[in-house]
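Numbering of ligands and ligand atoms starts at 1, following listing order. We use all heavy atoms of the structure for the numbers below, so side chains are in, but hydrogens, waters and symmetry mates are not.
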Amino acid sequence: MAMITKFPYDFIGEILISQEEIEKRVSDLGAQITRDYQDSEKLLLLGLLRGSVMFITDLMRKIQRPLTMDFMSISSYAGAESTGFIRIDSDHKTNINGWDVILIDDIVDTGYTIYTVRKLLLERKPKSLRVCAMLDKIASHKVDITIDYCGFEIPDYFVVGYGLDLDEKGRNLPYIASVDFEKYKKSINK
Ligand code: IMP
Ligand code: MG
């Protein structure tokens with residue numbers, strides 16, 4: 001009989017951030033954004049697909065201000081290593097000129113993605129632009145960027161869950177976990 005894939009996966013290492021911790025932090029971020037955008041009439045949450053989907057849908061429910069959301073889909077040009085060259089697979093629909101934009105991503109690693117997308121968005125003349133990331137591998141930054149709203153700072157581990165994936169696996173885990181790459185290698189060689 002064929003082996004059925006176990007869930008949660010065998011390759012999950014350690015739970016680094018629990019579901020409860022995420023809920024609490026997302027609530028706090030929402031409250032902070034609510035305060036900071038009290039006077040904003042045009043607030044746009046602009047998420048990067050696909051990793052930020054779970055975060056953005058939770059966060060927006062904790063923001064007590066009128067808002068709209070939009071998405072961009074971005075990919076790195078080459079392989080797994082961040083190169084700084086990114087390609088827009090799908091652009092946002094909103095004309096962001098005059099909007100208070102919060103750019104939202106799941107995780108910042110080298111920072112190239114945020115750095116590049118931020119520069120592009122500024123050319124489109126939003127009224128304001130801030131950056132929000134669920135996770136930040138602060139020791140891995142290779143460019144100078146500011147994260148205005150950060151969920152958690154984490155060490156340089158590869159993580160999955162809460163929207164983040166390893167080769168499309170693990171996005172629907174409700175917590176953030178490290179990956180055991182020994183076990184992962186075995187699981188893909190089965
Ligand atoms: P950066 O451009 O190097 O900052 O890379 C950011 C992007 O790389 C994120 O939007 C994620 O898609 C991906 N990424 C970086 N680290 C991880 C990780 O630990 N797990 C899953 N995806 C990651
Ligand atoms: Mg991403």
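- Every residue meeting the side chain to side chain contact (heavy atoms under 4.5 Å, CB included) condition with Glu123, not counting sequence neighbours, appears here in chain and number order: Leu120.
- Between Tyr149 and Leu59 there is no side-chain heavy-atom pair separated by less than 4.5 Å.
- Ligand 1 lies less than 4.0 angstrom from a heavy atom belonging to Gly111.
- Close approach of ligand 1 to Lys137 is summarised as follows: ligand atoms under 4.0 Å from at least one heavy atom of the residue are 16 (N), 17 (C), 18 (C), 19 (O).
- Nearest heavy atoms, Leu29 versus Phe55: CD1-CZ, 4.0 Å.
- Atoms of ligand 1 found under 4.0 Å from any heavy atom of Thr113 (numbered from 1 in listed order, with element): 1 (P), 2 (O), 5 (O), 6 (C).
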Output side-chain donor-acceptor pairs under 3.5 Å for residues 155-165, partner residues at least two apart or in another chain, one line each.
unit_1: Tyr162; atom_1: OH; unit_2: Asp58; atom_2: OD2; d: 2.7
unit_1: Asp165; atom_1: OD1; unit_2: Arg171; atom_2: NH1; d: 3.4
unit_1: Asp165; atom_1: OD1; unit_2: Arg171; atom_2: NH2; d: 3.3
unit_1: Asp165; atom_1: OD2; unit_2: Glu168; atom_2: N; d: 2.7

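- Side-chain contact check for Asp100 and Ser40: at least one donor-acceptor pair (N or O, by modelled atom type) lies under 3.5 Å.
- Using a 4.0 Å cut-off between heavy atoms, Asp105 contacts ligand 1 through its side chain alone, with no backbone atom that close.
- Taking the side chain as every heavy atom from C-beta outward, Ile88 and Ile74 approach each other to under 4.5 Å.
- For Tyr157, the heavy-atom gap to ligand 1 drops under 4.0 angstrom.
- Here the shortest heavy-atom distance to atom 7 (C) of ligand 1, taken over Ile107, Thr110, Asp167, belongs to Ile107.
- Ligand 1 does not have Lys142 within reach: every non-hydrogen atom of the residue lies 4.0 Å or more from it.
- Within the listing of ligand 1, atoms 21 (C) sit less than 4.0 angstrom from a heavy atom of Asp165.
- Contact record, Ile17 with Tyr175: O-CB, 3.3 Å, taken as the closest heavy-atom pair.
- With a 4.0 Å cut-off on non-hydrogen atoms, Leu164 touches ligand 1 through its side chain and not its backbone.
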